[in-house]
Amino acid sequence: MAENKFLDKINSPADVKKLSVPQLEQLAKEIRQLLISVISHTGGHLAPNLGVVELTLALHKVFNTPEDKIIFDVGHQAYIHKIITGRREQFPTLRQYGGLSGFPKRSESEHDAFGTGHSSTSISAALGMACARDLQGEDYNVVAVIGDGSMTGGMAFEALNNAGMLHKNMIVVLNDNEMSISKNVGAMSEYLYQLRTGETYNKIKNDIEGWLKNMEFGSDVLKAIRRLKGSVKYLMVPTSIFEELGFTYLGPVDGHDLDGLLDVLQAAKKIDGPVMVHVLTKKGKGYKPAEESPNKFHGTGPFDIATGKKITNPNAPVSYTEVFGKTLTKLADIDDKIVGITAAMPDGTGLNIFAEAHKDHFFDVGIAEQHAVTAAAGMAAAGMKPVAAIYSTFMQRAYDSIMHDICMQKLHVTLCLDRAGLVGDDGYTHHGVFDYAYLRSIPKMTIMAPKDENELQHMLKTALDFDGPVSVRYPRGSGVGVALDTQWQDLPIGKAEVLRTGKDVCFWAIGSMVQTALDAAELLEAQGISAGVVNMRFAKPLDVELLREHAQSYGKIITLEEGVLAGGVGSAILEELNENKLLEQCEVRCFGIPDEFVMHGDKKLLFRDLGLDTPTIAAKAAAFVKGEEEGKKKDLMFC
């Protein structure tokens, strides 16, 4: 990369403040080059960050972190913030094991005012900080930076409603790029479009203001007109919902015009009460492939800079996500009661495949998981077969809806949890390791997890033929590489599958850990230890009959799950054995995620640290069988 004229000298926000606007514009170009260069190797959120370079520089030019608080909603657009707050030299470690997090993290920098990773939380957090500031008699600015996609989340409106009532000094910067991950949907998206294109009002306002500025008495009259701007504006465009909620609305302003950004942010600082600054940006700006396909470069893996093509393994097995999308589409071909629902993730969940074939039966509700689940419940109550496809980590946000609206009414809704288990580079805000535990605790819920991509097909058919609440969870990325059946059958509810018999110890594994159990059994066989392997298939209900039989015949059981141990599948087995007074006859060891938040990094390294890789499991199983367990816990890397 060519030598940077300004970027190499930026070690803190103070260095940004020294630069003139032309120098900042050059710095923006250098930052974009760094973003493209690094993310092409590490992967990450490229398009969102390319769109907010000027905005981030303007924020740090006007405000003084860490005294002032800047909160980035979701945080996938905070890379520039990291670069100019002392982490420039570390930036090539982004999302790598032991390196920088892909999201703001309080423990990483004093400039990260609030840790984020999920959507629509920034305004609530900012309001909370503003309240704390005033209660403690302090004086600093609080700024929430939220995208228009995140504004489709109900929590954002709960916060706006409260902020308008409390009238605290705070600034909300609405970064409007017409995108979340996929194209935005809903009435709010249409409303923002109307604000963006209020050409008649904006032209008249600009003409009047320009004329008055050139008059001797113009500035005073201009101030007077601005005081009455609501009356003038309402004659020309519909009222601003933000102003009705108690915010002073400024904008829209070009998010790539540094002069304009600096002016409006300086003005926002001086206004009493909550302010909404509406900024228009282009997602992917400065890199043509990302500008043309911002959804593909929202979160990307490594790619070739010259072509924009992702660097992938052409021999990799088909992904679970693709299998899900194609299977659901084929099932809907013969059952017109099936509908697909997602929360702003049609591509990420594979429902884009379904949407192409069954447009009228597809619903993208925006970033509103709670609404998605309750809407699914409403569809089920009216006789449809809804399938809500949402990442495991995001489904957590809909816990009450699952319990109250689906399970209490025993409605036939299928929850498909993609990205279940460790997700790798996105880290602890995105690991989908809690769903076994949080779903298992709800009465009436049936929980399935396939051992491979082929079994996913059969489970999806089973779920849709079932009568009641049911969930299917599966991991991120490629499948195991097995052949796919063309004819699918219903699996017997609550019945496990014996894959291998043994006599010394038996692995009871579920989902992604089944293949690990088979591999570990092979290693144990080489040591003269005979291990059985059971594909549990169901976390709830358990195959109680087979479990009791194995407890008595093996005397030693090891559970394997890619989920938290607290309340997880291993807990379910221990509860069942304890209930039947079989723990005196059978020793149990549970392997899974401990009671900690797991850091980001390559999944192979995370599994190694957690002791969930095949060699470690085999070694621990051998020690268990031989009675040689050390009882010493390996040092792990947690957040």
Side-chain angles (χ1 to χ4, degrees), residues 1 7 28 30-53 55-56 72-85 87-105 108-109 112 115-119 145 147 149-150 175 177 179-182 281-312 345 347-348 391 393-394 419 422-431 476-477 598-603 605-606 639:
M1 183 185 296
L7 180 57
E30 294 173 12
I31 287 175
R32 283 194 169 92
Q33 291 174 351
L34 178 64
L35 289 171
I36 296 166
S37 175
V38 170
I39 298 172
S40 69
H41 292 288
T42 65
H45 293 94
L46 180 61
N49 284 284
L50 289 173
V52 298
V53 178
L55 173 59
T56 309
F72 292 90
D73 204 277
V74 183
H76 57 224
Q77 78 286 54
Y79 293 1
I80 303 95
H81 166 77
K82 287 177 182 276
I83 290 168
I84 62 179
T85 53
R87 288 166 277 183
R88 172 177 51 80
E89 292 185 356
Q90 292 175 275
F91 192 63
T93 72
L94 180 75
R95 292 163 36 96
Q96 305 303 293
Y97 179 83
L100 291 179
S101 169
F103 299 91
K105 192 173 181 181
E108 190 177 282
S109 171
D112 291 359
T116 53
H118 287 189
S119 166
V145 182
S150 292
N175 172 35
N177 58 26
M179 297 284 290
S180 50
I181 293 176
S182 299
T281 63
K282 184 173 183 61
K283 197 169 184 178
K285 184 174 177 61
Y287 181 53
K288 188 176 180 181
E291 289 184 4
E292 294 176 346
S293 302
N295 59 323
K296 293 181 180 178
F297 284 91
H298 173 84
T300 180
F303 61 92
D304 177 70
I305 295 176
T307 64
K309 291 183 178 179
K310 292 185 180 181
I311 300 171
T312 58
M345 290 286 203
D347 294 349
Y391 291 3
T393 185
F394 300 144
R419 270 63 166 179
L422 298 175
V423 297
D425 302 334
D426 280 335
Y428 72 112
T429 58
H430 283 60
H431 291 315
R476 178 182 190 175
V598 181
M599 64 172 288
H600 63 276
D602 186 284
K603 285 177 65 174
L605 299 176
L606 298 182
C639 293

* Can you check side chain to side chain contact (heavy atoms under 4.5 Å, CB included) on Arg419 and Thr393, steps first, answer last? -> CA-CA 8 Å; Arg419 270 63 166 179; Thr393 185; over 6 Å; no

I'd like to check [X] versus [Y] (side-chain heavy atoms, cut-off strictly below 4.5 Å). Are they in contact?
X      : Y      : result
Phe72  : Phe103 : no
Asn49  : Ile80  : yes
Ser293 : Asn295 : yes
Met599 : Tyr97  : yes
His431 : Leu606 : yes
Asp426 : Arg476 : yes
Ile31  : Ile84  : yes
His81  : Pro104 : no

Can you tell me how far [atom2] of [Y] sits from [atom1] of [X], rounded to the nearest 0.5 angstrom?
X      : Y      : atom1 : atom2 : answer
Phe297 : Leu46  : CZ    : CG    : 7.0 Å
Asn177 : Leu50  : CG    : CG    : 11.5 Å
Tyr428 : Lys105 : OH    : NZ    : 5.0 Å
Thr300 : Lys310 : OG1   : NZ    : 4.0 Å

Quick one: does any side-chain atom of [X] pair with a main-chain N or O of [Y] as donor and acceptor, under 3.5 Å?
X      : Y      : value
Lys82  : Gln90  : no
Ser37  : Gln33  : no
Gln77  : Val52  : no
Glu292 : Ala290 : no
His600 : Gln96  : yes
His45  : Ala78  : no
Arg32  : Lys285 : yes
Tyr287 : Ile305 : yes

* Asked: What do the steps show when you test Ser119 against Asp73 for side chain to side chain contact (heavy atoms under 4.5 Å, CB included), and what is the final call?
  -> CA-CA 6 Å; Ser119 166; Asp73 204 277; 4.0 Å; yes

* To do: Tell me, with the steps shown, if Val423 and Tyr391 meet side chain to side chain contact (heavy atoms under 4.5 Å, CB included).
  => CA-CA 11 Å; Val423 297; Tyr391 291 3; over 6 Å; no

* side-chain contact (heavy atoms from CB on, under 4.5 Å) partner of Thr93, chosen from Thr42, Leu100, Val38 ->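 It is Leu100, the one option of Thr42, Leu100, Val38 that forms the side-chain contact (heavy atoms from CB on, under 4.5 Å) with Thr93.
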
* Of all the heavy-atom pairs spanning Lys283 and Pro48, show the shortest one and how long it is. =>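 Minimum heavy-atom separation between Lys283 and Pro48: CE-CG, 3.8 Å.
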
* To do: Would you please indicate if the ring centroids of His76 and His298 are separated by under 6.0 Å?
  =>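 Yes, they do, as the ring centres are separated by less than 6.0 Å.
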
* To do: Evaluate the side chain to side chain contact (heavy atoms under 4.5 Å, CB included) criterion for residues Val53 and Leu35: first the C-alpha distance (whole Å), next the side-chain angles of each, then the deciding distance (0.1 Å), finally the verdict.
  => CA-CA 10 Å; Val53 178; Leu35 289 171; 4.2 Å; yes

